[in-house]
Amino acid sequence: MDLTIRPRRLRGGETLRKMVRETRMDPSSLIYPIFIKEGTGIREEIPTMPGQYRYSVDTMGEKLDSLQGAGVSSVMFFGIPKHKDELGSGTYDAEGIVQQALRQAGRDFPDMYRITDVCMCEYTSHGHCGVLCGHEVDNDRTLEFLARTALSHAEAGADMVAPSDMMDGRVAAIRSILDEHGLTDMPIMSYAVKYASAFYGPFRDAAGSAPSFGDRKSYQMDYHNSREGVKEALLDVKEGADIIMVKPTMSYLDMVARIKSEVHVPVASYSVSGEYSMIKAGAKLGYIDEEKIICETAASVFRAGCDIYLTYFAEEIAGYMREGKIG
């Protein structure tokens, strides 16, 4: 048969397949989300996220050490406070749980890059991501609290802040307060394209952040919409976002690809708790091969255009990269 073009020529061996691979991955692109709970001696497995734990500041070092050993150099801190109130005051308290974790990690793991989730849902008694006016989140009043939180995190040693609340104008408010305090080099990674998703269920169990009434559809995005996601991303870049995040990942790779084509800043994607738990549950039942699924889903995110990948499988993925199974 006279075939001039034979795509299989470049699939003939492992060395050649790796040489022509279009998607390259490296552990430096991975971020591990870690839950830090107020108290001491805490290492609690999260029932809905098997293999994931809540740590206290005095026990988190074991996980940070393990991550560094695997080549994962970046973490994002999520705080679980003892006290909650209407205004989520623990978010901007200089002695808050995230602030404590930042200082301790800075002392014990100075080479670990420390990112913080900037939101109020774990800290408010009502579980919503901002200050309430009646039963509605007051967007503009919330901006003040988010800005104070970002500043508090930066002053405690954060290397980057990541607002996840989805309030209009929060990137501009955070950029303004950081700049006013001389923190002009502090990057902002914005959860710009964050959908109201059922995939967040296990996280809300892990962090105790489920709303006590209603839902978050008035501020998180409708998952039917894609043009709106582009609008959100472009607005946040204009306000000073240095990195744009898409969340969740698995069902939103079209948005990763679309945002990548629309913005000229790095694009991150967060593979959320429900995605993690689905893989763990399927593997436990013997329906899927956990290792192969982890590798395949990770590769798909980078293939779609992701530059930075937040995942609870960060340590495992780094290991698979080292072993040549992925990347």
Side-chain angles (χ1 to χ4, degrees), residues 5-34 64 66-76 109 111-115 159-160 162 187-193 226 229-230 233 237 241-272 275-276 278-279 283 288-327:
I5 300 173
R6 292 178 179 266
R8 287 184 57 189
R9 290 191 193 113
L10 298 182
R11 303 174 194 155
E14 184 68 12
T15 299
L16 179 57
R17 288 193 294 270
K18 286 186 176 181
M19 183 188 301
V20 300
R21 184 169 285 170
E22 297 174 22
T23 303
R24 305 282 180 175
M25 302 161 60
D26 184 271
S28 63
S29 62
L30 301 172
I31 299 172
Y32 178 75
I34 186 168
L64 298 182
S66 182
L67 288 164
Q68 278 200 332
V72 179
S73 57
S74 300
V75 293
M76 179 179 285
F109 299 89
D111 296 329
M112 183 67 76
Y113 195 82
R114 292 156 290 161
I115 307 165
D159 296 300
M160 179 187 292
I188 298 172
M189 175 164 61
S190 171
Y191 290 65
V193 190
S226 61
V230 174
V237 170
D242 302 285
I243 300 170
I244 292 295
M245 186 196 295
V246 176
K247 181 184 179 186
T249 293
M250 190 182 296
S251 296
Y252 298 87
L253 293 182
D254 61 317
M255 291 308 302
V256 172
R258 186 163 184 183
I259 296 303
K260 180 73 170 183
S261 71
E262 295 281 354
V263 301
H264 300 288
V265 298
V267 175
S269 191
Y270 191 158
S271 184
V272 299
E275 299 171 60
Y276 172 88
M278 286 168 63
I279 292 174
I288 58 174
D289 183 309
E290 181 174 322
E291 179 181 304
K292 290 180 179 178
I293 290 290
I294 292 170
C295 292
E296 185 174 340
T297 52
S300 72
V301 179
F302 288 94
R303 188 183 67 238
C306 182
D307 302 295
I308 301 164
Y309 189 33
L310 292 89
T311 170
Y312 299 98
F313 288 120
E315 190 169 345
E316 291 88 341
I317 292 170
Y320 299 148
M321 290 178 181
R322 188 171 57 252
E323 295 164 11
K325 296 176 180 178
I326 185 175

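One-based numbering along the sequence shown.
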Taking CZ in Arg9 as the centre, count heavy atoms belonging to other residues, nucleotides or ligands within less than 6.0 Å. Is the count above 12? yes
Taking all heavy atoms of Leu30 and all of Met321, pick out the closest pair and write down the distance. CD1-CE, 4.2 Å
OG1 (Thr297) and CE (Met278) are apart, to the nearest 0.5 Å, by 10.5 Å
Taken to the nearest 0.5 Å, the spacing of Lys247 NZ from Met255 CE works out to 15.5 Å
Distance check, rounded to the nearest 0.5 Å: Ser74 atom OG versus Asp111 atom CG? 11.0 Å
Looking at every heavy atom in both Gly305 and Val256, which two are closest together, and how far apart are they? C-CG1, 4.0 Å
Quick one, Ile259 and Val230 - any side-chain contact, counting heavy atoms below 4.5 Å? yes
Please state whether the rings of Phe313 and Tyr276 are parallel, tilted or perpendicular, taking 30° and 60° as the class boundaries. tilted
Measure up the Tyr32 and Tyr312 rings against each other and bin them: parallel (under 30°), tilted (30 to 60°), perpendicular (over 60°). perpendicular
From the list Val301, Thr311, Ile244, side chain to side chain contact (heavy atoms under 4.5 Å, CB included) partner of Ser269 resolves to Val301
How close do Cys295 and Ile326 get, heavy atom to heavy atom, and via which atoms? O-CD1, 3.1 Å
Donor-acceptor pair, side chain of Glu275 and main chain of Thr249, under 3.5 angstrom: yes
Run the numbers on Met160 and Tyr113 for side chain to side chain contact (heavy atoms under 4.5 Å, CB included), then give the verdict. CA-CA 8 Å; Met160 179 187 292; Tyr113 195 82; 3.7 Å; yes
Interatomic spacing from OG in Ser271 to CD1 in Ile31 - rounded to 0.5 Å: 13.0 Å
Should the heavy atoms of other residues, nucleotides or ligands under 6.0 Å from CD of Glu296 be counted, would the total exceed 12? no
